[in-house]
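The model shown is predicted, which means the values in this text are computed figures rather than measured ones.
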Amino acid sequence: MNEQTPPTEPNLPDGMASPSSGEPLAGQPKDNNPNTGDAKQAVPVTPAVTPHHNPVGNFIARMSITQMTLAVVFVLFVWQWFDAHRQMDAMQQELARSLAEMDGNNKASQLLVTQSQEATRELSAKVALLEAHYSEAQNQRAALETLYQELSSSRDETVLAQAEQMLLIAGQQLQLSSNVKAALIAMQQADDYLKRMDRASLNSLRKSISRDMDKLRALPNVDVPGINLRLDNLIASVDTLPLSQDFHLSQKSEKLPTSDDSESGWQKLLHEIWDDAKHLVRIENMQKAELPLLSPTQTFFLRENLKLRLLSARLALLARDESSFKHDIQEAQEWVTHYFDTQDENGKLASLTLKSLRASNINIELPDVSASLEAVRSYRVTREKPAR
């Protein structure tokens with residue numbers, strides 16, 4: 001089925017000999033041996049096949065080396081030109097894309113700048129408002145500080161005036177009534193006023209007040225209010241004291257015989273005769289001074305005079321006049337002993353009370369506590385000078 005075709009020689013360009021021909025190929029030396037030529041001529045020659053013509057190959061075969069070099073250079077130049085043109089197109093596209101991105105970024109930046117400017121304007125307005133509020137707050141703070149200084153100064157003046165008043169009261173208590181306890185209370189109150197202020201500049205005043213208080217505490221304890229109360233009780237009990245004459249009359253009434261209902265009439269008569277007989281003779285000590293009987297009017301004046309004597313002793317006590325006090329107490333004690341019944345419970349109590357009051361020592365030498373008062377006044381004067 002398949003027909004076998006004889007092998008054909010390849011088409012060679014013009015001027016080139018085929019291997020089957022007797023001519024040597026290009027680049028091979030010619031064989032000059034006659035024997036060899038004869039042998040070759042003896043080989044049967046097949047009919048040559050007509051080669052196909054290739055124009056590109058013929059053209060290349062006819063080109064010289066210079067032309068081929070120029071062609072290669074031209075091809076390289078054209079390739080480089082196309083490559084450069086392609087790179088330029090790519091660069092233009094990249095540049096256009098970058099420009100588009102830059103344009104978008106520029107628009108976004110402009111938007112951000114616009115927003116930033118608006119925010120800056122808003123912040124500037126807020127800052128201006130805050131500055132206005134801050135300025136107003138500063139003005140209010142300055143006004144409050146001024147008011148506080150005025151109030152503090154006024155408060156200090158008030159406290160110093162109160163302390164001075166307390167010290168003045170303490171001095172009056174000592175001078176008028178010698179009441180050490182009341183003076184101590186007043187000075188303690190003045191020290192408390194200064195203590196509440198909690199100022200270091202007031203320590204000197206407090207030290208001066210403390211020294212004067214120590215002087216008062218060192219004094220002997222004289223209970224003037226207690227003595228005064230005891231005198232008041234004596235004055236109130238004068239009206240209830242029994243007189244001595246009332247005691248003797250009561251004794252005589254107790255000595256009168258009492259009739260017994262069980263006795264008969266003649267027995268009662270005998271008792272009465274016996275009692276009368278016993279009183280016929282009376283033995284008395286004539287050397288003893290007998291007090292006359294007092295009428296009701298004299299009794300009234302006796303009691304009132306005793307009250308006046310006790311009131312005089314009270315005034316001497318408040319004035320710290322020890323001699324007058326003891327003299328009035330002694331007079332009152334003698335009156336109670338002579339005119340009143342000292343055997344009675346009330347009379348005995350009054351006598352003992354007057355005796356204890358007479359032994360009381362009310363005369364004490366009071367110290368000078370005006371140093372603290374002068375210190376407070378001097379401090380007030382030094383504070384008023386800068387204010388002027």
Side-chain angles (χ1 to χ4, degrees), residues 1-32 36-37 40 43 45-148:
M1 296 288 297
N2 296 328
E3 295 181 357
Q4 295 181 355
T5 58
T8 60
E9 296 180 359
N11 295 328
L12 297 176
D14 294 342
M16 296 181 64
S18 70
S20 58
S21 62
E23 298 180 359
L25 296 174
Q28 293 182 356
K30 292 183 179 181
D31 192 5
N32 297 323
T36 306
K40 286 181 182 179
V43 176
V45 178
T46 59
V49 181
T50 305
H52 298 281
H53 296 283
N54 189 353
V56 177
N58 294 331
F59 177 76
I60 293 173
R62 293 190 183 95
M63 290 177 62
S64 62
I65 296 174
T66 302
Q67 291 175 348
M68 292 179 66
T69 302
L70 292 174
V72 170
V73 170
F74 177 74
V75 170
L76 290 174
F77 175 75
V78 172
W79 180 77
Q80 289 180 355
W81 181 81
F82 279 108
D83 185 63
H85 187 68
R86 183 179 58 80
Q87 290 180 359
M88 289 178 63
D89 291 339
M91 290 178 63
Q92 289 178 356
Q93 293 177 0
E94 184 68 22
L95 182 60
R97 187 176 60 82
S98 299
L99 289 175
E101 291 179 357
M102 290 177 63
D103 190 14
N105 292 332
N106 190 17
K107 291 180 179 180
S109 299
Q110 290 179 355
L111 181 60
L112 291 176
V113 168
T114 303
Q115 294 177 354
S116 300
Q117 290 177 353
E118 292 178 356
T120 303
R121 285 194 295 270
E122 292 178 358
L123 289 176
S124 299
K126 291 181 180 179
V127 168
L129 182 61
L130 288 176
E131 288 179 352
H133 288 318
Y134 179 74
S135 178
E136 184 179 358
Q138 288 292 102
N139 295 332
Q140 292 178 356
R141 180 180 178 183
L144 288 175
E145 287 181 353
T146 304
L147 181 60
Y148 175 76

Which pairs of donor and acceptor atoms, one on a side chain in residues 101-113, lie under 3.5 Å apart (sequence neighbours left out)?
unit_1, atom_1, unit_2, atom_2, d
E101, OE2, R97, NH1, 2.9
N105, ND2, E101, O, 3.2
S109, OG, N105, O, 2.8

Could you list the donor-acceptor pairs under 3.5 angstrom formed by side chains in residues 121-142, with sequence neighbours left out?
unit_1, atom_1, unit_2, atom_2, d
S124, OG, T120, O, 2.7
N139, ND2, S135, O, 3.2
R141, NE, E145, OE2, 3.3

- Message: Going by side-chain contact (heavy atoms from CB on, under 4.5 Å), name the residues that satisfy it together with V78, two or more places apart in sequence or in a different chain.
- Response: F74, F82
- Under the side chain to side chain donor-acceptor pair (under 3.5 Å) criterion, do Q93 and D89 qualify, and how do the steps go? CA-CA 6 Å; Q93 293 177 0; D89 291 339; over 6 Å; no
